[in-house]
Amino acid sequence: RDEWLNSTVYDLFPAEIAQPMATNDQEVIDLGKFVEKEESSPHQGKIHHFFSVKFPLYDAEGEISGICGMSTDITHIKEAEQEIKESQAALQEEQRLKSIALSAASISFWSTDILTDTPFWDESMWGIFGYLEGTEPSTEVWESAIHPDDRDRVTRAYTDAINRKKEFSIEYRVIRPVDDGIRYVRDVAQIDRNDKGEAIKIAGVVHDVTKLRVEQEKIRQLFDAPTDGVLFVRDGHILECNRAVATMLGYEIEELVGKSLIDLSPEEQMDGRLSREVIKEHLHQVSRGEIVRFRWHHLRKDGSLIPMEIVIFAATHEGKPAILGTLRDITTLQAAIDEANKANATKSAFLANMSHEIRTPMNAILGFAEILSEQVDHPVHSQYLTTIRSSGRALLTLINDILDLSKVEAGKVSLQPRAVDLPKLFLDIEQVFLQKTREKGIDLRFQIGEHLPEALILDDVRVRQIMINIIGNA
């Protein structure tokens, strides 16, 4: 008490406490009436709060000579009010998270204290991300579960939301460590900031949208497929197919699900290759990221074969890797191809027969022309015979070419190798083009290497045809 006598509030309290008290006292003097104020002062190392009533004291002349005040300690009331405020803040935080969950159709909650990097995940979060038992929640663990193709995009959006005050609302894929399955999630969050605008906490919700995305992708793939039949395959077995596949193969859809591709194929394809080996090869190509297109004979339920054109490529089915195949029935096309091949074979046989029929009398004409040339001495008549022989040889060459063409188309052409004097062969070819080169005023010369052997094993007829075609075109 003695310490308080003859002391000012500035003598008794720190300036930040004394100043409001002095202001309140001056207000009593200025107004000349009592005032009610909340004040605070330290006591036993703790700030206490008081409700004070102050009023002026007057002397005999009616002048204010002092101030009298009464204070009631309301510290416990203030503490109770603070607890209520904190409870209200917690309730508001819960309501805010629920509001976010409803707006995003969420099923899991998460938050992170940015200052301490302390995360919180609810139980649903563990189920969606498929974390292994014993895993401690952290930003690094969350990032590691994001699909590698999405990770940079998501972490960049997270950083921008915190540092650049952007919205964090993003969809991405996660790979579940527990089963390596892929999930699609929608992540939406809000950020709390202090008075300086610095992020102190981020809280959000995650919605598993895998089923929605899978169904959307499945529908897109089905409608975008270039052929009628569509099926999903994993490990060589059918996971799912559309009605067109079942119709083409003569099954019900339920019968095909789970069936092996081997069971739907003959032991050998039309080219003699084993179906099992070809399927294995194509699946390996798809695993390397290739799009494989091929023709295939499938085995129908009634045992008959159906020719198909098939395209297969990598896809996903219910969040896991699979193969998507599109099938087209080419029975009509195959029939048209077979008919065309048959007609082509008939034409080749006709050409071969006709060339033989024409060549026989032509050989007779050339033979008699050769005999006559030995017996005719008249210059004009000799010239006529020379023309007959030259034209006959040209026509015989044309007939031989037709015969060779028919043999090529029939797959029966064969070479007749023998020792050939190449310089003499080139000299004969030069004589064939002698007249034409003179008419055009050009020279045709063959340069033969000095190390060329005197004879080579060749089919001189084929060499002659090739050289005549090349020179003639030139």
Side-chain angles (χ1 to χ4, degrees), residues 86-194 197-218 234 315-322:
E86 291 177 355
S87 297
Q88 289 176 339
L91 180 60
Q92 290 175 352
E93 176 73 5
E94 182 180 351
Q95 293 297 327
R96 185 170 70 91
L97 290 175
K98 288 181 178 179
S99 176
I100 296 172
L102 291 174
S103 65
S106 63
I107 58 172
S108 67
F109 296 83
W110 63 272
S111 65
T112 298
D113 186 330
I114 296 174
L115 299 180
T116 61
D117 193 26
T118 304
F120 164 77
W121 300 340
D122 70 357
E123 294 181 1
S124 299
M125 187 80 167
W126 294 84
I128 294 175
F129 281 71
Y131 292 117
L132 299 173
E133 185 177 353
T135 302
E136 292 293 330
S138 68
T139 302
E140 291 75 20
V141 170
W142 168 67
E143 290 179 356
S144 67
I146 300 174
H147 194 286
D149 294 342
D150 298 342
R151 190 172 298 147
D152 289 344
R153 176 174 58 87
V154 176
T155 55
R156 185 167 57 251
Y158 183 85
T159 302
D160 288 346
I162 294 175
N163 299 332
R164 304 173 66 179
K165 300 182 180 180
K166 291 188 175 182
E167 179 184 12
F168 185 76
S169 177
I170 192 169
E171 183 172 316
Y172 54 93
R173 294 166 293 174
V174 296
I175 301 178
R176 293 162 48 86
V178 69
D179 58 7
D180 292 329
I182 295 179
R183 293 283 183 92
Y184 291 78
V185 299
R186 184 75 185 175
D187 206 340
V188 182
Q190 291 185 358
I191 300 174
D192 292 336
R193 302 181 183 275
N194 57 21
E198 299 171 335
I200 58 175
K201 183 179 181 179
I202 181 170
V205 292
V206 172
H207 180 206
D208 186 350
V209 295
T210 302
K211 290 184 178 179
L212 175 62
R213 292 293 168 261
V214 168
E215 291 301 320
Q216 288 178 341
E217 182 65 16
K218 189 185 301 182
R234 183 182 296 129
T316 58
H317 184 268
E318 297 182 352
K320 295 183 179 181

S.K.: When you measure from the side chain of Arg183 to the backbone of Gly130, do you find a donor-acceptor pair of N or O atoms at a distance under 3.5 Å?
M.R.: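 Checked: no pair found.
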
S.K.: Are the side chains of Phe129 and Val141 in touch, meaning some heavy atoms are under 4.5 Å apart?
M.R.: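 Not in contact.
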
S.K.: Kindly compute the distance separating OG1 (Thr316) from CD1 (Ile182), expressed to the nearest 0.5 Å.
M.R.: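 Answer for the OG1-CD1 pair, Thr316 versus Ile182, is 7.0 Å.
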
S.K.: Quick one: salt bridge (charged side-chain N to carboxylate O under 4.0 Å, His left out) partners of Arg153, sequence neighbours excluded?
M.R.: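 Listed in chain order: Asp150.
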
S.K.: Shortest non-hydrogen contact from Ser169 to Val188?
M.R.: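 Nearest pair, atom of Ser169 first, then Val188: OG-CG2, 3.7 Å.
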
S.K.: Can you find a heavy atom in the side chain of Asp208 that is under 4.5 Å from one in the side chain of Ser108?
M.R.: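 With C-beta onward as the side chain, the pair stays apart.
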
S.K.: Considering all heavy atoms of both residues, which atom of Asp187 and which atom of Val205 are nearest to each other, and what is their separation?
M.R.: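 Residues Asp187 and Val205, closest heavy atoms: OD1-O, 3.2 Å.
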
S.K.: Answer yes or no: is there a donor N or O on one side and an acceptor on the other, between the side chain of His207 and the main chain of Val209, under 3.5 Å?
M.R.: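 It does not hold such a pair.
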
S.K.: Say whether, by atom type as modelled, one donor and one acceptor occur between the side chain of Thr112 and the main chain of Ile202 under 3.5 angstrom.
M.R.: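 Not a single qualifying donor-acceptor pair exists.
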
S.K.: Write down the atom of Arg193, the atom of Ala161, and the distance for their closest heavy-atom approach.
M.R.: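 Answer, listing the atom of Arg193 first, then Ala161: NH2-O, 2.8 Å.
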
S.K.: Atom CD in Glu140, atom CG in Asp117: separation rounded to 0.5 Å?
M.R.: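 If I round to the nearest 0.5 Å, the distance is 6.5 Å.
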
S.K.: Looking only at atom types and distance, does a side-chain atom of Asp122 sit under 3.5 Å from a main-chain N or O of Phe109, one as donor and one as acceptor?
M.R.: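 Yes; at least one donor-acceptor contact below 3.5 Å.
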
S.K.: For Ser111 and Lys201, which heavy atoms make the closest approach, and how far apart are they?
M.R.: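 That would be CB-CE, 4.0 Å.
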
S.K.: Heavy atoms only: give me the nearest Val214-Gly319 pair and the separation to one decimal.
M.R.: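 Closest approach of Val214 to Gly319: CG2-N, 3.8 Å.
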
S.K.: With a 3.5 Å distance limit and no angle check, can you tell me whether Arg176 reaches the backbone of Gly181 through a side-chain donor-acceptor pair?
M.R.: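 Checking the backbone N and O of Gly181 against the side chain of Arg176, no donor-acceptor pair under 3.5 Å is found.
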
S.K.: Okay, side chain of Asp160, backbone of Arg164: is any donor-acceptor separation there less than 3.5 Å?
M.R.: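 Checking the backbone N and O of Arg164 against the side chain of Asp160, no donor-acceptor pair under 3.5 Å is found.
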
S.K.: If I take atom CZ from residue Arg173 and atom CD1 from residue Ile146, how far apart are they, to the nearest 0.5 angstrom?
M.R.: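 It is 11.5 Å, given to the nearest 0.5 Å.
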
S.K.: Once rounded to the nearest 0.5 Å, what's the spacing between atom CZ of Arg151 and atom CD1 of Ile175?
M.R.: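 The CZ atom of Arg151 sits 7.5 Å away from the CD1 atom of Ile175.
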
S.K.: Just verifying a value: how many Å separate Tyr131 OH and Glu136 CD, rounded to the nearest 0.5 Å?
M.R.: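 The distance works out to 12.5 Å.
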
S.K.: Output the distance between atom CD (Glu171) and atom CZ (Arg213), rounded to the nearest 0.5 Å.
M.R.: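 Taking CD in Glu171 and CZ in Arg213, the distance rounds to 4.0 Å.
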
S.K.: On a heavy-atom basis, which atom in Leu115 and which in Ala199 lie closest, and how many Å separate them?
M.R.: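 Taking every non-hydrogen atom into account, CD2-O, 4.3 Å.
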
S.K.: In chain order, what residues pass the ring-ring contact (aromatic ring centres under 6.0 Å, His included) check against Tyr158, with sequence neighbours excluded?
M.R.: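 With neighbours one apart ignored, the set is Trp142, Phe168.
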
S.K.: Would a 4.5 Å heavy-atom cut-off, applied to side chains only, mark Trp126 and Pro137 as touching?
M.R.: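 Yes, close enough: below the 4.5 Å cut-off.
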
